[in-house]
Amino acid sequence: MNGFDHAVTENSATDGAGAPAVKTVLVAGGAGFVGARLCQRLLASGASVICVDNLQTGRMANIDPMMEEAMFRFIRHDIIAPLEFSAPVDEIYNLACPASPPKYQLDPVHTFKTSVLGALNLLGLARNKGARILQASTSEIYGDPLCSPQPESYLGNVNPVGPRSCYDEGKRAAETLFHDYGLQHGVSIKIARIFNTYGPGMAPDDGRVVSNFIIQALRGEPITIYGNGSQTRSFCFVDDLLDGLMLLMASPHEVSYPVNLGNETEFTVAELAKLVLAKTGSSSNTIHNALPIDDPRQRRPDIVLARRVLGWRPEVSLDAGLDRTIPWFRAQLAVALPSLEEVA
Ligand code: NAD
Ligand code: UDP
């Protein structure tokens, strides 16, 4: 028995007949922003949760509150290496991959390996276990889109050799692997194309636009708008995304095609800066930094398919979502900043 067997069998609940009494769900990337909140939701639903994470961008602080729970196990592991254990697994969410551009660009080769080797390893596990598996894909597979909104049928406009390519092309290749494991090996696969998602639990040093702007506003530092701020994004609150992910996981076997999950309301980055300044009551000024290479000019999901197949649509506006997110960052900064006594 290896380390995984020990960690997992210890936790596997069985009924009197030896069959699994509760669903066992593996969340790869479960210590990250979305993953940790998903683990909490799964635990609340009565599932047994195995969180697998290499802590590259995830944080123990995100999962500390769950570590004492009998139905929760954490395994520190990099998914570019195979995972093997004898315990049953019913569902796998593959959320493992740094999602913030400055983070995934730090080690592009590892990012690509995470998407491709990680997908292969988890698909192999799903095949062995007879588990259903969901891939956290991304709107980035559309690259710098030439149409808006972007439906799933749009094939994308992606640069294969730019700073974002390790992420975009890795995620595209992962979709291909998922599709082919479904066709060739009959694995029950799900592909969620996730658009920009924010909320409590993002790492303060994450580097994505919502967390950057809130932290800069709260600290009274300049708000860093890249380029002229006319590029657009459509921001989805994390709990809306989790509803969509869980509905997709529970959807019929035939729903094996990619499904967009995102909020349809589009904002320019300059509009986001204004909103964050107003909501935080900050007197920060805005400055303009260089626009990163290949930064998509527009992004807005077409969610007709998600509405039709899952009956899903986001409920939380950006306005309401920021009201839930800003206090969380305020609390983080209060903890992170040294007290006056410590400074003295
Ligand atoms: P995140 O960076 O907060 O979380 C990613 C998690 O994966 C972290 O805990 C990290 O340590 C872990 N991880 C990274 N590489 C790993 C590896 N090789 N082995 C094991 N663990 C690894 O990002 P997030 O925002 O929570 O995103 C979760 C997933 O959703 C990612 O796959 C991301 O690509 C996808 N996604 C997110 C968004 C978004 O806006 N949040 C948008 C599109 C897609
Ligand atoms: N951005 C910005 N200031 C920041 C961080 C990001 O203007 O401090 C811009 C970035 O150039 C992009 C948008 O905000 O146009 C969203 O960036 P993010 O990194 O959050 O995600 P992306 O959608 O680019 O992957």
Side-chain angles (χ1 to χ4, degrees), residues 27-39 51-60 62-63 75-81 83 93-105 107 110-119 121-122 134-141 144 164 167-168 170-171 174 192-199 201-203 206-216 221-236 238 241 245 260-263 267-270 272-273 286-299 301:
V27 181
F33 156 52
V34 176
R37 214 159 164 98
L38 176 63
C39 289
C51 167
V52 175
D53 202 297
N54 67 352
L55 299 181
Q56 192 179 327
T57 51
R59 299 178 304 152
M60 285 309 292
N62 286 343
I63 56 170
I75 299 171
R76 187 167 184 171
H77 175 77
D78 191 315
I79 61 162
I80 72 170
L83 279 96
Y93 286 86
N94 180 19
L95 271 59
C97 187
S100 166
K103 300 289 183 195
Y104 68 63
Q105 290 169 21
D107 186 347
H110 190 266
T111 298
F112 197 80
K113 283 183 181 172
T114 292
S115 281
V116 177
L117 299 180
N121 288 326
L122 293 177
L134 181 148
Q135 165 69 354
S137 188
T138 168
S139 55
E140 287 288 326
I141 65 101
D144 188 8
R164 300 174 82 96
Y167 185 76
D168 301 10
K171 290 282 189 179
R193 288 187 182 157
I194 303 170
F195 285 63
N196 298 66
T197 299
Y198 69 98
M202 295 182 91
D206 178 272
R208 280 176 277 183
V209 69
V210 175
S211 48
N212 272 9
F213 283 5
I214 293 175
I215 285 172
Q216 290 162 347
E221 293 169 357
I223 306 285
T224 53
I225 295 178
Y226 301 162
N228 63 14
S230 64
Q231 70 272 33
T232 68
R233 294 294 186 271
S234 307
F235 299 102
C236 187
V238 62
L241 173 69
L245 290 177
N260 285 342
L261 295 177
N263 193 305
F267 290 83
T268 66
V269 164
L272 174 70
T286 54
I287 58 168
H288 291 268
N289 292 351
L291 187 68
I293 296 167
D294 291 337
D295 199 278
R297 278 163 297 174
Q298 56 182 353
R299 195 178 286 146

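If you're wondering where the values come from, they're calculated on a predicted model, not measured in any experiment. All ligand and atom numbering here is 1-based and tracks the order in the structure.
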**Asked** Parallel, tilted or perpendicular: which describes the rings of Y198 and F235, with under 30° parallel and over 60° perpendicular?
**Response**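 If you compare the ring of Y198 with that of F235, the planes turn out perpendicular.
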Closest non-hydrogen protein atom to [atom], residue and atom name please, with distance?
atom	answer
atom 13 (N) of ligand 1	N54 OD1, 3.3 Å
atom 14 (C) of ligand 1	C97 N, 3.4 Å
atom 18 (P) of ligand 2	V209 N, 3.8 Å
atom 10 (C) of ligand 2	D295 OD2, 3.3 Å
atom 1 (P) of ligand 1	T57 OG1, 3.7 Å
atom 13 (C) of ligand 2	V269 CG2, 3.8 Å
atom 16 (C) of ligand 2	R233 NE, 3.6 Å
atom 26 (O) of ligand 1	V34 N, 2.8 Å
atom 1 (N) of ligand 2	Y226 CD1, 3.4 Å

Atoms of ligand 2 close to [X] [distance to a heavy atom under 4.0 angstrom, numbered from 1]:
X	value
R299	22 (P), 23 (O)
Q231	9 (C), 11 (O), 15 (O)
N212	4 (C), 5 (C), 8 (O)
I225	7 (O)
N196	21 (O), 22 (P), 23 (O)
P292	11 (O)
T224	2 (C), 3 (N), 4 (C), 7 (O), 8 (O)
E140	25 (O)

Given [options], which one has a non-hydrogen atom that is nearest to [atom]?
atom	options	answer
atom 12 (C) of ligand 1	V210, D53, V27, T197	D53
atom 6 (C) of ligand 1	G29, A28, A203	G29
atom 36 (N) of ligand 1	F235, Y167, F195	Y167
atom 44 (C) of ligand 1	S137, G207, A136	S137

**Request:** Decide, yes or no, whether a salt bridge links R76 with D53 under the criterion of side-chain N to carboxylate O below 4.0 Å.
**Result:**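 Looking at R76 and D53, the cut-off is not met.
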**Salt bridge K171-E140, side-chain N to carboxylate O under 4.0 Å** =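 Result for this pair is no, no salt bridge flagged.
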Using a 4.0 Å heavy-atom cut-off, say whether [X] meets ligand 2 through its side chain, its backbone, both or neither.
X	value
R208	both
R164	side chain
N289	neither

Taking only heavy atoms of [X] into account, list the atoms of ligand 1 that are under 4.0 Å away from them.
X	value
P98	2 (O), 14 (C), 15 (N)
G58	8 (C), 9 (O), 10 (C), 11 (O)
N196	40 (O)

**Asked** Would Q216 and T224 count as having a side-chain donor-acceptor pair, cut-off 3.5 Å?
**Response**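 A donor-acceptor contact under 3.5 Å links the two side chains.
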